[in-house]
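Working notes, beginning with the structure itself.
Indexing begins at 1, ligand by ligand and atom by atom, following the structure's order. These figures come from a predicted structure and were not determined experimentally. All residue numbers in this chain count up from 1 along the given sequence. Basis for what follows: all heavy atoms, side chains included, without hydrogens, waters or symmetry-related copies.
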Amino acid sequence: MGVFSYKEVYIEDGKKVLEVNVLPEKHCNFDCIFCPIGRSQNKVDIQRSFDDMDSSLKDLEIMIENTKAELIFINSKGEALVNDKISYIIDVIKAKGLPVRLLSNGYLLGRSEYIEIANKCDEVIGEIKTITEEDFQKIQRPIDGYTIEDYISSMVSFNKQYKGKFIFEITIINGYNDDEESIERLKIITKEIAPDKVIIERIDDERFKKKLWINDVRFEEISKELLSIC
Ligand code: SF4
């Protein structure tokens, strides 16, 4: 019995998308206070091996065949790049002639070993949720030594050499990046990264909504402003 898990297949732009989680439990280099998966017991940014990868890969191949998926979205419980089989997982999917979308928080996209792996994917998603060093440390609680400057420059340098579609996901958080100054800064960061697509999100999880959610009107205003630069 494999350890990968799947979401219900859905249609996006006319394509059947299969979302797969390739981590048995949460492994991330951040420990965001609003993480929908919960606390990071395993804060990690180097690869490690997990049990049952052979049976998990077999399950993945069966899922691909049974669902007739047309795009595989690797959306894991944390940072998929830390699974030491991630490169092979991507190869297995690509060998079936299918495109791969990889979700990363983006920090590791500045490291050569991970750049090589992400470059194999047709689409890579990088994210931003805070823009000041203080907020990054306070609410995203990364591994010691990480800085917001390195975070942004990792995505900038990655996308400069990346040939696929880079999708930049910006999450607007009440009280952290929803004021005019922050929006201006987000515009500058977005221009620097130069993504192919920008997605604007907000914190929708009921557990954190009360403090961190922004209302529809403000969300609409900010989304328009940020998307206007694309
Ligand atoms: S980067 Fe994503 S997975 Fe990692 S702790 Fe933050 S919200 Fe959770």
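Side-chain contact between Trp213 and Phe208 is absent, with no heavy-atom pair separated by less than 4.5 Å.
For Gln140 (side chain) and Pro142 (main-chain N/O), no donor-acceptor pair under 3.5 Å exists by modelled atom type. In this structure, the side chain of Asp205 does not engage the main chain of Pro36 through any donor-acceptor pair within 3.5 Å.
Between Tyr162 and Phe166, the two ring planes are perpendicular [angle over 60°; tilted spans 30° to 60°]. Using cut-offs of 30° and 60° for the angle between ring planes, the Phe136 and Phe30 rings count as perpendicular.
The pair Glu169-Lys129 does not meet the salt-bridge criterion, since no charged nitrogen lies less than 4.0 angstrom from a carboxylate oxygen.
The count of protein N, O or S atoms under 2.8 Å from atom 4 (Fe) of ligand 1 stands at 1, with waters excluded from the count.
Counting only heavy atoms of the protein, atom 2 (Fe) of ligand 1 lies nearest to Glu127 OE1, 4.4 Å.
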